[in-house]
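Every chain is numbered from 1 and lettered A, B, ... according to where its sequence line falls, protein lines coming before strand lines. Excluded from the calculations below are hydrogen atoms, water molecules and symmetry mates; all remaining heavy atoms, backbone and side chain alike, are included.
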Amino acid sequence: MSDHDYRPKSKVGQWFNDRLPLLTLANHLTDYPTPKNLNYWWTFGGILTFCLITQIVTGLTLAMHYIAHADMAFESVEHIMRDVNYGWLIRYIHANGASMFFLAVYIHIFRSLFYGSYKSPREIIWILGIIIYLLMMAAAFMGYVLPWGQMSFWGATVITNLFSAIPLVGEGIVTWLWGGYSVDNPTLTRFFTLHYLIPFLILGLVVLHIWALHVPGNNNPVGIDIKKPSKDTVPFHPYIVIKDGFALLMFMIVFAFFVFYAPNILGHADNYIEANPMVTPAHIVPEWYLLPFYAILRSVPDKLLGVVAMLSAILILAVLPWLDTSKIRSAVFRPLYKQFYWILVADVLILGYVGAMPAEGLYLLIARVATAYYFLHFLVILPVLGFKEKTLPVPLSITEPVLGGSPNLAAARNKESKIE
Amino acid sequence: MSEKKTKRRDFLFTATTAVGAVGAAAVVWPMIDQMNPDASVKALASTEVDVSALTPGNTLTVLWRGKPVFIRRRTQEEIDEARSVKMEDLIHPEKDEDRAKNPEWLVMLGVCTHLGCVPLNDKGDYNGWFCPCHGSHYDTSGRIRKGPAPWNMEVPKYEFVDANTIKIG
């Protein structure tokens with residue numbers, strides 16, 4: 001790579017860079033060759049970095065006013081909302097920021113699914129991403145417990161009780177997680193500690209995620225390997241920086257809408273009632289971003305198998321690079337996969353919807369069918385499709401079909417125009 | 001490298017690793033065990049409840065170890081219903097006679113064995129309890145009859161200290 005040839009212009013820069021090559025790193029990041037056909041679906045990596053930083057900064061500020069104690073947590077959150085200068089703003093940014101974070105991560109994940117970004121040689125990037133996603137869910141769940149409202153308390157009870165499904169040691173593990181015989185003060189203090197820790201673990205994994213990305217470079221909408229640097233690439237700065245910046249601004253409009261105009265619309269009114277271990281709310285629902293998995297949990301009538309199904313639904317993503325047997329990355333050139341992709345999107349949305357509904361009657365039936373289809377997609381359709389599907393001809397480069405040099409010009413152009 | 005020397009090194013490596021592993025485990029265990037219930041939590045092991053005001057057909061809910069305990073003074077109908085159930089109809093077969101030594105009094109943890117919610121009184125298809133979280137139905141003996149919960153609601157250790165006082169734990 002060209003990075004290694006880099007030499008700072010100034011004497012001081014050279015002296016510093018010889019001892020700690022930070023300037024070489026900065027040069028690598030600005031010059032980093034990026035496919036020039038990246039569309040706006042590729043801007044969510046930058047948006048996610050913004051979300052993480054926002055959560056860390058607002059989280060640190062909230063931690064200065066929050067009290068992690070079962071008797072005081074609820075009041076301290078109200079104190080933040082009413083007394084602390086701009087406390088309401090910081091808390092609403094943090095609470096809605098979690099939802100925005102998940103919104104962005106779901107788009108980011110589904111972009112990878114569409115364009116086959118998880119395939120060789122990018123499996124490690126993908127697996128790191130799944131680990132980040134798991135940590136995000138853990139952090140979000142524990143963060144939701146901290147206000148010590150009714151949903152906090154009962155959400156914590158239900159989720160920690162999932163571990164009681166483990167044969168023999170389950171009950172012992174749950175008691176250990178709680179630090180008592182029910183969710184109580186010891187549970188709250190450890191959740192606060194872990195909620196504080198996890199974002200920094202995520203930050204470390206994000207560095208690895210980006211590092212692993214910079215080895216093969218970005219995938220792109222055409223999904224072919226490209227030469228770097230070449231006519232097919234542009235330097236990250238200023239091209240991608242500007243594009244990411246613009247997308248981030250658009251995203252922040254949506255973010256600000258929720259913070260200023262509908263700050264509680266994604267939450268539950270029950271969480272403004274202080275935790276009461278004697279009364280369970282009539283209808284316990286997790287936050288929207290966990291609903292599809294909640295629907296899978298409830299669709300299985302057996303306790304242990306329900307938990308196994310829910311965890312498998314997430315972990316199955318980690319082995320996706322080996323379940324998808326097709327060598328073609330982008331769905332643009334996979335006419336059948338493209339259809340199954342949209343069915344999967346619909347399936348996950350349906351799971352999310354029924355996850356918010358009571359688990360009975362027609363809702364339960366729909367949840368069961370959608371759960372079965374979810375696993376069918378990954379375990380049967382994807383492996384088989386790689387062998388059966390007749391894919392469209394792939395262009396030789398990003399530039400060639402546009403400039404007219406490719407033998408696959410017509411096909412590529414035809415398909416390119418279709419995705420717009 | 002001579003054969004003899006290699007073996008001596010192997011022994012040292014194995015011995016060092018073994019001692020290191022024991023040492024690491026000795027340090028890790030306190031870090032893990034500190035999360036288990038502490039002495040102050042364990043100290044709240046029992047609680048005494050005055051049940052003199054409870055009339056038949058009513059339930060008293062008290063907190064024991066942070067969990068609700070249902071104390072139900074059952075009517076004769078409820079007792080008859082609970083005792084007439086055939087064992088083969090039960091998901092988790094337990095005789096009502098074993099769950100309620102004194103048939104009029106049913107004492108159990110008010111915690112659904114599915115995922116720990118508090119079931120609602122006098123609800124559900126079996127006139128006992130119904131869990132609103134994931135739809136488990138319990139009968140008048142607190143036994144699971146329908147839904148995802150795997151077991152009957154747990155009967156804790158308890159005793160009548162005198163005619164009007166129950167000691168739980």
Can you tell me if [X] has over 12 outside heavy atoms packed within less than 6.0 Å of its [atom1]?
X       : atom1 : result
B:Met31 : CE    : no
B:Glu97 : CD    : yes
B:Glu48 : CD    : yes

- Between B:Leu120, B:Asp38, B:Val118, which shows the greatest number of heavy-atom pairs under 4.5 Å with chain A?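 Among B:Leu120, B:Asp38, B:Val118, the one with the most close pairs to chain A is B:Val118.
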
- Item | Which portion of B:Val62 sits near chain A, non-hydrogen atoms under 4.5 angstrom |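 Contact with chain A is through the backbone of B:Val62 alone.
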
- Task: Check whether B:His114 gets within reach of chain A through its side chain, its backbone, both or neither, counting any heavy atom under 4.5 Å.
- Result: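 Contact with chain A is through both the backbone and side chain of B:His114.
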
Side chain, backbone, both or neither of [X] within contact of chain B (heavy atoms, under 4.5 Å):
X        : answer
A:Phe163 : neither
A:Pro277 : both
A:Pro358 : neither
A:Ile284 : side chain
A:Ile159 : neither

If I compare all heavy atoms of [X] with all of [Y], which pair ends up nearest, and what's the gap?
X        : Y        : result
A:Asn161 : B:Gly116 : ND2-CA, 3.3 Å
B:Leu63  : A:Met278 : CD1-SD, 3.4 Å
A:Gly180 : B:Val41  : CA-CG1, 3.8 Å
A:Trp176 : B:Ile32  : NE1-O, 2.7 Å
B:Pro132 : A:Pro281 : CG-O, 4.2 Å
B:Arg65  : A:Ser182 : O-OG, 3.5 Å

- Query: Out of A:Gly172, A:Ala282, A:Gly306, which one racks up the most heavy-atom pairs below 4.5 Å with chain B?
  - Reply: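 Greatest number of close heavy-atom pairs with chain B: A:Ala282.
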
- Query: Do B:Leu115 and A:Leu297 come close enough that some side-chain heavy atom pair is under 4.5 Å?
  - Reply: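 Of all side-chain heavy-atom pairs linking A:Leu297 with B:Leu115, at least one is under 4.5 Å.
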
- Message: Does any part of the side chain of B:Cys117, heavy atoms only, come nearer than 4.5 Å to the side chain of A:Thr157, both counted from C-beta?
- Response: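 Counting from C-beta outward, A:Thr157 and B:Cys117 never come under 4.5 Å.
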
- At what distance, to the nearest 0.5 angstrom, does CE of B:Met35 lie from OG1 of A:Thr187?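 Atom-to-atom, B:Met35:CE and A:Thr187:OG1 are 9.0 Å apart.
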
